[in-house]
**Student:** 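The structure's right below; bear with me while I get my questions together.
Convention: sequence-line order gives letters A, B, ...; per-chain numbering from 1.
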There are 2 protein chains.
Amino acid sequence: MHESYRQEIRDIDLFAEMDDKNFQALMRASYVQNFPPRIDLIQENEPPDFLHVVLSGSVDLFSAWNGRETSMATVRPISTFILAASVRNLPYLMSARTLEKSRIALIPSQDVRAIFATDSAFAQAIVSELAQCYRSIVKNAKDLKLRTSLERLANYLLRQQERTGNLEFDLTMEKRRLASFLGMTSENLSRAFKGLEPYGVRVTGNHIEIVNLNDLTRYAKPNPLIDDYTT
Amino acid sequence: MHESYRQEIRDIDLFAEMDDKNFQALMRASYVQNFPPRIDLIQENEPPDFLHVVLSGSVDLFSAWNGRETSMATVRPISTFILAASVRNLPYLMSARTLEKSRIALIPSQDVRAIFATDSAFAQAIVSELAQCYRSIVKNAKDLKLRTSLERLANYLLRQQERTGNLEFDLTMEKRRLASFLGMTSENLSRAFKGLEPYGVRVTGNHIEIVNLNDLTRYAKPNPLIDDYTT
DNA sequence: CGCAGCCTTGACAAATGTCAACAAACGTGG
DNA sequence: CCACGTTTGTTGACATTTGTCAAGGCTGCG
């Protein structure tokens, strides 16, 4: 593996503190691959052969049942996905596909399991990462169960506003995927955007302008225990 | 702490493999408490002072937003809850209350964090437990996003059938809580039970009889990646 | 017995999904 | 650069799902 990739991976929280010898061992059988957009990386129910690291581009985690499909999360650089399946050595619960041209590092799960058993710093980092992932999906479940789709959209926009620090921003994904991520149909999302107009949301294509942050916030009632990325 | 409690806790996967000295240290400032039914144990947003272990009884994890409330999970003996908050030292995302008379062990989170940093077997067990929790809530989110409430109920009943190994069983919780857990109103659940009659589900109070397992299964389309506890 | 809490039912309202049509945006090959 | 076809987004009409409110029944317990 190219040295610059190796360094990128090394700098991720998950690998930053581990012993260098162990990190080199982990990299030994790993490799980096470039994928075009819309390529399936893994399918749910497959055995977890590799821990994946998104170095560039972005990846959609999604799931299907009975002919329906839903987007569960988007993974952006630099972070890993399907860590839980890897460490438990159980089948993937979600499928993954590239959204755009992406560079992905593949680390054999077997090596991850072998090394985290001996490297205490690595084990700690895994604990931290898994706890973080767990909390993030708990928030997602609360969002789904406690809010209507209009409220979910309103809060999603506020989170984007917070992330960019700007009252105007572009959506980071297609509307159809956003709809799926928020747990609704495209048509419903289209109408939801209209429904937020009275609260000062202006939409032009994929460009969003929050005209009245106060009104939107009053409607959305954001809550740190659902909407904060950090806590 | 009484020796028998100590042994019960020791036997949980999470603590079974750790060094004995460390386990004793963990128990030093821990204590066991008896709670009546319907007592609040923790509230979301509080700092995670204690890791909780349910020794007997049962505990409801729930969450509220904007006047609405939803049940997220039920914790039964012998297992722990709010591990993720404890290890990350971040506020609880869910509240907890006893459902019945319950005996709960309280282990200072600070000690958990201190000891898992030095005890590799404990760290491994925590990884395993968190990965398991993560996967279980991913399944929950898939259930919510991919299925209608009628389908969720049907699959819930099939899971209970599987767990008990019997075509007849009693519901393990009040219907109102089941409704909340499944993400619907009591009224909707009431009608959903009626809606499953054509597929061979007979309901008498909280007693369920699955008259036609084939029909129900054909309707519910259970899937290991959503419904299996083990994978 | 009588109260309180849970469950059920009916009538209705709101939220969300489906289907079909069309418009707008995008990418590709000529 | 344009023409074309494909994909994505929007809209309207309508169906289904789910929630709300109010009333009444059932049950368990003091």
Side-chain angles (χ1 to χ4, degrees), chain A residues 36-38 60 62 64-71 97-101 143-156 170-199 201-208 219-220, chain B residues 36-38 60 65-71 97 99-101 143-156 170-198 201-208 219-220:
Chain A
R38 287 154 201 277
D60 184 31
F62 64 101
W65 177 81
N66 193 27
R68 297 166 215 165
E69 183 181 308
T70 189
S71 174
R97 74 165 75 94
T98 55
L99 289 168
E100 44 192 320
K101 196 164 165 302
D143 193 39
L144 283 169
K145 292 184 79 173
L146 291 168
R147 290 172 170 164
T148 67
S149 61
L150 196 59
E151 290 165 342
R152 290 200 293 280
L153 176 60
N155 280 289
Y156 175 84
D170 287 339
L171 294 174
T172 58
M173 52 179 129
E174 293 177 303
K175 285 181 181 170
R176 65 199 323 266
R177 277 202 54 257
L178 177 58
S180 176
F181 175 71
L182 294 176
M184 55 176 131
T185 58
S186 301
E187 294 93 327
N188 195 3
L189 177 63
S190 229
R191 290 172 180 125
F193 273 123
K194 284 246 152 48
L196 290 181
E197 257 174 32
Y199 303 102
V201 175
R202 199 169 295 161
V203 183
T204 319
N206 72 341
H207 186 79
I208 307 293
Y219 173 72
Chain B
R38 286 155 202 277
D60 184 31
W65 176 81
N66 194 25
R68 298 166 213 165
E69 182 180 309
T70 190
S71 173
R97 73 165 76 94
L99 289 168
E100 44 191 320
K101 197 165 165 303
D143 194 40
L144 284 169
K145 292 185 79 174
L146 291 168
R147 290 172 171 163
T148 66
S149 61
L150 196 59
E151 290 165 342
R152 290 200 294 278
L153 177 61
N155 281 289
Y156 176 84
D170 287 340
L171 295 174
T172 57
M173 50 180 130
E174 292 178 304
K175 286 182 181 169
R176 66 202 320 269
R177 270 207 349 100
L178 177 58
S180 177
F181 176 69
L182 293 176
M184 55 176 129
T185 58
S186 301
E187 293 94 328
N188 195 5
L189 177 64
S190 226
R191 291 171 181 126
F193 273 123
K194 283 244 152 49
L196 290 180
E197 258 174 32
V201 174
R202 199 168 296 160
V203 184
T204 320
N206 72 342
H207 185 79
I208 307 292
Y219 173 73

**Student:** Quick check for you: to the nearest 0.5 Å, what is the distance between A:T70 atom OG1 and B:R147 atom CZ?
**Tutor:**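 A:T70 OG1 to B:R147 CZ: 13.0 Å, rounded to 0.5 Å.
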**Student:** Should we say atom CZ of A:R202 is surrounded by more than 12 heavy atoms from elsewhere, each under 6.0 Å from it?
**Tutor:**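 Not more than 12 within 6.0 Å, no.
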**Student:** Say you draw a straight line from CH2 of A:W65 to CG of B:N155; how long is it, rounded to the nearest 0.5 Å?
**Tutor:**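 Separation between the atoms: 6.0 Å.
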**Student:** Whole angstroms only, please: what is the NE2-C1' distance between B:H207 and D:dT27?
**Tutor:**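 In whole Å, D:dT27 C1' and B:H207 NE2 are 18 Å from each other.
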**Student:** Between CZ of B:R177 and CG of B:L182, what distance do you get to the nearest 0.5 Å?
**Tutor:**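 Reported to 0.5 Å precision, the distance equals 10.5 Å.
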**Student:** Who pairs with A:F62 by ring-ring contact (aromatic ring centres under 6.0 Å, His included), at least two apart in sequence or on another chain?
**Tutor:**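 Listed in chain order: nothing, the list is empty.
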**Student:** Rounded to the nearest Å, what distance is computed from the CG atom of residue A:L144 to the P atom of nucleotide D:dT18?
**Tutor:**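 Rounded to the whole Å, the gap is 14 Å.
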**Student:** Using whole Å, what does the distance between atom C1' of nucleotide C:dG17 and atom CG of A:L150 come to?
**Tutor:**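 Rounding to the nearest Å, CG of A:L150 and C1' of C:dG17 are 16 Å apart.
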**Student:** Generate the contact string for nucleotides 7-14 of chain C. Rules: B means base contact, S means sugar-phosphate contact only, - means no protein heavy atom under 4.0 Å.
**Tutor:** SSBBB---
**Student:** Nearest whole angstrom, please: distance from the C1' of D:dT7 to the CG of A:N206.
**Tutor:**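 The distance from CG of A:N206 to C1' of D:dT7 comes to 15 Å, rounded to the nearest Å.
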**Student:** Send over the distance from B:M184 CE to D:dT18 P, rounded to a whole Å.
**Tutor:**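 To the nearest whole Å, that distance equals 8 Å.
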**Student:** Calculate the interatomic distance between A:K145 atom NZ and D:dG19 atom P; express it in whole Å.
**Tutor:**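 The answer, rounded to whole Å, is 11 Å.
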**Student:** Quickly work out the B:N66 CG to D:dG19 P distance and round it to whole Å.
**Tutor:**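 Result: 16 Å.
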**Student:** Would you indicate whether A:R38, at its atom CZ, is surrounded by more than 12 heavy atoms from other residues, nucleotides or ligands within a distance under 6.0 Å?
**Tutor:**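 Counting other residues, nucleotides and ligands, CZ of A:R38 stays at 12 neighbours or fewer.
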**Student:** What nucleic acid atoms does A:R68 come within less than 4.0 Å of, heavy atoms only: base, sugar-phosphate, or nothing?
**Tutor:**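 A:R68: no heavy atom of the nucleic acid under 4.0 Å.
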**Student:** Rounded to whole angstroms, how far apart are CG on B:L153 and P on D:dT18?
**Tutor:**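 The distance from CG of B:L153 to P of D:dT18 comes to 11 Å, rounded to the nearest Å.
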